[in-house]
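Labels below follow one simple rule: chain letters A, B, ... track the order of the sequence lines, proteins then strands, and each chain is numbered from 1.
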2 protein chains.
Amino acid sequence: MSVNHYHNTLSLHQHHQNDVAIAHRESLFEKSLTPSDVGKLNRLVIPKQHAEKYFPLNNGGGGDDVATTEKGMLLSFEDESGKCWKFRYSYWNSSQSYVLTKGWSRYVKDKHLDAGDVVFFQRHRFDLHRLFIGWRRRGEASSSPAVSAVSQEALVNTTAYWSGLTTPYRQVHASTTYPNIHQEYSHYDACARVVTVEKL
Amino acid sequence: MSVNHYHNTLSLHQHHQNDVAIAHRESLFEKSLTPSDVGKLNRLVIPKQHAEKYFPLNNGGGGDDVATTEKGMLLSFEDESGKCWKFRYSYWNSSQSYVLTKGWSRYVKDKHLDAGDVVFFQRHRFDLHRLFIGWRRRGEASSSPAVSAVSQEALVNTTAYWSGLTTPYRQVHASTTYPNIHQEYSHYDACARVVTVEKL
DNA sequence: CGGTACACCTGAGAA
DNA sequence: ATTCTCAGGTGTACC
């Protein structure tokens with residue numbers, strides 16, 4: 001059993017501070033990783049139906065959404081160990097697809113993900129801004145049997161929460177409270193409360 | 001012998017009007033072109049040490065320099081035939097590198113430059129704003145045997161001329177006879193006296 | 001639409 | 001070990 005496998009499957013029991021949070025998570029969706037998702041393209045394609053449901057970039061509203069659409073946004077997820085991962089999230093007009101770009105390759109490397117492995121996304125049931133990311137090895141069963149039952153009801157409630165707090169790349173690690181306004185990305189920090197020093 | 005080769009190696013003797021100027025040139029630096037420099041990226045990376053010595057974008061003086069840094073500037077160079085080449089010159093924050101972009105691909109195409117070929121930059125010894133660009137084929141010796149000896153000594157002598165400039169780019173530009181003010185780029189026309197109609 | 005321009009991004013290697 | 005550089009890329013906008 002590898003170190004990463006250990007963290008993935010046993011973290012529910014090992015990290016007690018996360019146990020409570022897990023009970024309050026709802027699964028959003030998961031994806032089996034393609035070779036491109038873990039390869040040199042350094043991006044994860046988010047299936048459009050999930051992207052538009054859970055991570056809307058703009059819903060046809062005016063104003064700031066324009067900038068959000070053009071520049072993308074920064075999404076933050078807590079992993080199984082409580083570590084915060086930030087990904088640039090944007091829409092590629094050329095391929096008409098939603099993608100996680102900046103930061104994604106680091107996640108792939110850190111978790112040693114291969115094609116066929118599965119990543120899944122969750123969010124806090126009550127604190128809807130709080131997002132989680134997890135993974136499991138290809139062929140492994142999902143740890144929670146209730147995973148697939150969740151989503152349809154919660155969808156409508158989530159859309160309204162995405163707004164335009166912003167933070168610069170280079171200053172992300174300068175402070176955990178993210179006081180700086182970024183010119184480029186709409187940014188919602190889903191794990192601001194998790195004090196984690198990391199490179200983005 | 002190709003047409004371009006002819007121009008390159010014989011121009012010293014063919015173009016008498018340039019002979020005087022050549023004697024008054026000092027080498028700044030040269031670069032062996034990478035595949036990317038002559039490929040589809042349409043840009044030339046200027047090694048940072050040379051860029052900051054010879055083509056400073058901001059001199060730490062504040063004010064207009066900020067705009068210069070953000071927007072880049074237009075650099076003009078005379079080639080071996082006296083033709084004026086204008087390149088957009090700017091700094092890429094993301095890669096922390098200085099690049100010639102707009103106009104560069106035209107130069108590569110015109111001179112039929114390939115990877116391994118060398119481009120070199122010179123400036124007038126007395127009229128320091130007058131810049132020159134030249135090239136030679138991969139493997140060819142520098143036309144002036146003294147060049148490499150000159151550059152080391154000249155580096156020290158030349159550095160002060162740029163950094164010690166008290167005249168901002170915009171004022172220099174305004175003092176030339178170049179009638180058109182560019183809206184986007186800080187622009188110093190190093191070959192204003194060469195009447196050349198060209199598209200940039 | 002294709003080519004160019006532009007502002008990003010990253011990995012590998014050098015320092 | 002960490003930082004810096006830069007060769008080689010990307011998507012997007014514009015013409």
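- Within a 6.0 Å sphere centred on NZ of A:Lys48, other residues, nucleotides and ligands contribute more than 12 heavy atoms.
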Output one line per pair: protein atom, nucleotide atom from nucleotides 11-15 of chain C, and distance, for all N/O pairs under 3.5 Å.
residue, atom, partner, partner atom, Å
C:dG11, OP1, A:Ser105, OG, 3.0

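- Using a 4.0 Å heavy-atom criterion, one finds that B:Thr34 contacts the sugar-phosphate atoms exclusively.
- Across all strands shown, B:Trp92 has heavy atoms under 4.0 Å from base atoms, whether or not it also approaches the sugar-phosphate.
- For the OP1/OP2 pair of D:dT5 and a distance below 4.0 Å, the side-chain nitrogens and oxygens of B:Lys48 include at least one atom meeting the criterion.
- Note on B:Lys40: nothing from the nucleic acid sits closer than 4.0 angstrom, heavy atoms only.
- The aromatic rings of B:Tyr89 and B:Phe55 lie perpendicular to each other, with more than 60° between the two planes, well past the 30° mark.
- At least one side-chain nitrogen or oxygen of B:Lys31 sits closer than 4.0 Å to the OP1 or OP2 atom of D:dA7.
- Distance B:Asp110 CG to C:dT4 P: 14 Å, rounded to the nearest Å.
- Nucleic acid contact class of A:Arg43 (heavy atoms, under 4.0 Å, all strands): none.
- Here C:dA7 presents its P atom at 15 Å from CD of B:Gln96, a figure rounded to the nearest Å.
- Without hydrogens or angle criteria, A:Arg138 side chain to A:Ala115 main chain gives a donor-acceptor distance under 3.5 Å.
- In terms of position along DNA chain D, the nucleotide closest to B:Ser97 lies nearer the 5' end than the nucleotide closest to the other residue of the pair B:Ser97 and A:Leu41.
- Between B:Arg88 and C:dA7, a side-chain N or O to OP1/OP2 separation shorter than 4.0 Å is present.
- Residues B:Leu131 and B:Ser76 fail the side-chain proximity criterion, which asks for heavy atoms closer than 4.5 Å.
- Proximity of A:Asp37 to A:Arg43: side-chain heavy atoms (C-beta onward) are separated by under 4.5 Å at one or more points.
- In this model, the phosphate group of C:dA7 is not approached by any side-chain N or O of B:Ser94 to a distance below 4.0 Å at OP1 or OP2.
- The distance between atom CG of B:Leu33 and atom P of D:dG8, rounded to the nearest whole Å, is 11 Å.
- If you take CD1 of B:Ile46 and P of D:dT5, they are 15 Å apart, rounded to a whole angstrom.
- Ring geometry for B:Phe126 against B:His24 counts as perpendicular: the plane angle is over 60°, on a 0 to 90° scale with 30° as the lower cut.
- Computed from coordinates, the B:Trp104 CH2 to D:dA7 C1' distance equals 15 Å when rounded to whole Å.
- We find that CG of B:Asn93 is positioned 13 Å from P of D:dT5, with the value rounded to whole Å.
- The distance from atom OH of B:Tyr91 to atom P of D:dT5 is 7 Å, rounded to the nearest whole Å.
- For the pairing with B:Tyr98, the ring-ring contact (aromatic ring centres under 6.0 Å, His included) check across B:Phe29, B:Tyr91, B:Phe87 returns one residue only, B:Tyr91.
- What separates OH of B:Tyr98 from C1' of C:dA7 is a distance of 16 Å, to the nearest Å.
- Within the 3.5 Å criterion, the main-chain N or O of B:Leu28 finds no donor-acceptor partner in the side chain of B:Lys53.
- The phosphate of D:dT5 has neither OP1 nor OP2 within less than 4.0 Å of any side-chain N or O from B:Ser95.
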